[in-house]
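Below: the structure, in structure tokens.
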Protein chains: 2
Amino acid sequence: MDPKTQARFEALAAVIKAMAHPTRLFVVDQLSSRERCVCELTDLIGADVSTVSKHLAVLKAAGIVASEKRGSRIYYNLRMPCVLSFFGCVESVIKSVARESLGHVE
Amino acid sequence: MDPKTQARFEALAAVIKAMAHPTRLFVVDQLSSRERCVCELTDLIGADVSTVSKHLAVLKAAGIVASEKRGSRIYYNLRMPCVLSFFGCVESVIKSVARESLGHVE
DNA sequence: TAATTATTTGGCATTATAACCAAATCGCCA
DNA sequence: TGGCGATTTGGTTATAATGCCAAATAATTA
């Protein structure tokens, strides 16, 4: 693989890896309707605040979300709504795999 | 997060995690035009065959690719072409982040 | 200023990934 | 059947990711 191609797929993988976690996907999903502060997300997720904060940092570093400070809170919003279009595709993969494991052959 | 929602996002994350690697994305991209045998992919990637084989196993377990044995070779094909639609979205994220790091402020 | 709420950061233990080599299989054909 | 090319599997080691706790920072208000 030539260096340029290598770099391209490394960049792609970095963003996709940032989404590759249940909690972070949940955050993306939640932010698709509206922005949320860390405290709201923490309540919804039910993990330690520090854990949620680190997940948000991962999403932010990848450019998937952005944050805005207002008062004592920090609100996160979804910067790339197009990632949502991916959910449907992935769920079709999941359904297809489920069908097979139930005995469906081809 | 309730158990059902948890399960949903865990399933989504499992598939996305399977794509979250430069080599595996490269494979998906290669398979988008046509099927390839392990030996072809190995040549294109330039890693050890065993490494490539394991990456393919990850993609297959997630339902992203399927394989078919013909003769002494095993051909892999892309089962879910919709994942390709994601590449454009992710690359727009990458460009956007690049613009910012070059000094673009809002 | 002290107390309070919101968020991030550092540290640490646990678990998961990735890559290579070597060895085991699998299929094909002389 | 013996051997060869193709592929997977096992083992090992190095690196990265995750989650919690505790502590640090920041903004708010009494």
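Quick note on labels: first sequence line is chain A, next is B, and so on, each numbered from 1. The structure presented is a predicted model; accordingly, all values stated were derived computationally and were not measured. Scope of the values below: all heavy atoms of this structure, side chains included, with no hydrogens, waters or symmetry mates.
Every residue meeting the side-chain hydrogen bond (donor to acceptor under 3.5 Å, both in side chains) condition with B/Lys60, not counting sequence neighbours, appears here in chain and number order: B/Ser67. Qualifying side-chain hydrogen bond (donor to acceptor under 3.5 Å, both in side chains) partners for A/Ser50, counting only residues two or more places apart in sequence or in other chains: A/Asp48. In this view, B/Arg34 and B/Glu40 satisfy the salt bridge (Lys or Arg N to Asp or Glu O under 4.0 Å) rule, not counting sequence neighbours. With sequence neighbours excluded, the residues that form a side-chain hydrogen bond (donor to acceptor under 3.5 Å, both in side chains) with B/Thr5 are B/Asp2. The side-chain hydrogen bond (donor to acceptor under 3.5 Å, both in side chains) check on A/Gln6 picks up A/Glu10, with sequence neighbours excluded.
B/Leu59 contributes atom CG, which lies 10.5 Å from atom NE2 of B/His21 (distance to the nearest 0.5 angstrom).
Distance alone, capped at 3.5 Å, places no donor-acceptor pair between the A/Ser53 side chain and the A/Val49 backbone.
Between A/Leu44 and B/Met1, the closest side-chain pair of non-hydrogen atoms is not below 4.5 Å. With a 4.5 Å cut-off on side-chain heavy atoms, B/Phe86 and A/Leu12 do not count as touching.
Rotation axes derived from the C1' atoms of the five outermost pairs at either end of the helix from C/dT1-D/dA30 to C/dA30-D/dT1 lie 10° apart, to the nearest 10°.
Of all heavy-atom pairs spanning B/Ile64 and A/Val93, the tightest one is N-CG1, 4.4 Å.
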Item to check | Contact state string [nucleotides 6-11 of chain C, B base, S sugar-phosphate only, - no protein heavy atom under 4.0 Å] | outcome: SSBBBB
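Within residues 24-35 of chain B, the residues having any heavy atom closer than 4.0 Å to DNA chain C are, in order of number, B/Arg24. Near DNA chain D, meaning a heavy atom under 4.0 Å from it, residues 7-20 of chain B has no residue at all.
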Table please: side-chain donor-acceptor pairs of residues 71-82 of chain A below 3.5 Å, with sequence neighbours left out.
residue : atom : partner  : partner atom : Å
A/Arg79 : NH1  : B/Glu100 : OE2          : 3.0
A/Arg79 : NH2  : B/Ser96  : OG           : 2.3
A/Arg79 : NH2  : B/Glu100 : OE2          : 3.0

Give the table of side-chain donor-acceptor pairs shorter than 3.5 Å for residues 23-32 of chain A, with sequence neighbours excluded, one pair per line with atom names and distance.
residue : atom : partner : partner atom : Å
A/Arg24 : NE   : A/Ala18 : O            : 2.6
A/Arg24 : NH1  : A/His55 : ND1          : 3.0
A/Arg24 : NH2  : A/Lys17 : O            : 3.4
A/Gln30 : OE1  : A/Arg36 : NH2          : 2.8
A/Ser32 : OG   : A/Asp29 : O            : 2.6

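No path of Ile, Leu, Val, Met, Phe, Trp and Tyr side chains, each step under 4.5 Å between heavy atoms, connects A/Val58 with B/Phe9, placing them in separate hydrophobic clusters.
The separation between B/Leu59 atom CG and C/dT17 atom P is 14 Å, rounded to whole Å.
Nucleotides of DNA chain D with any atom under 4.0 Å from a heavy atom of chain B span, from 5' to 3', D/dA6 to D/dG11.
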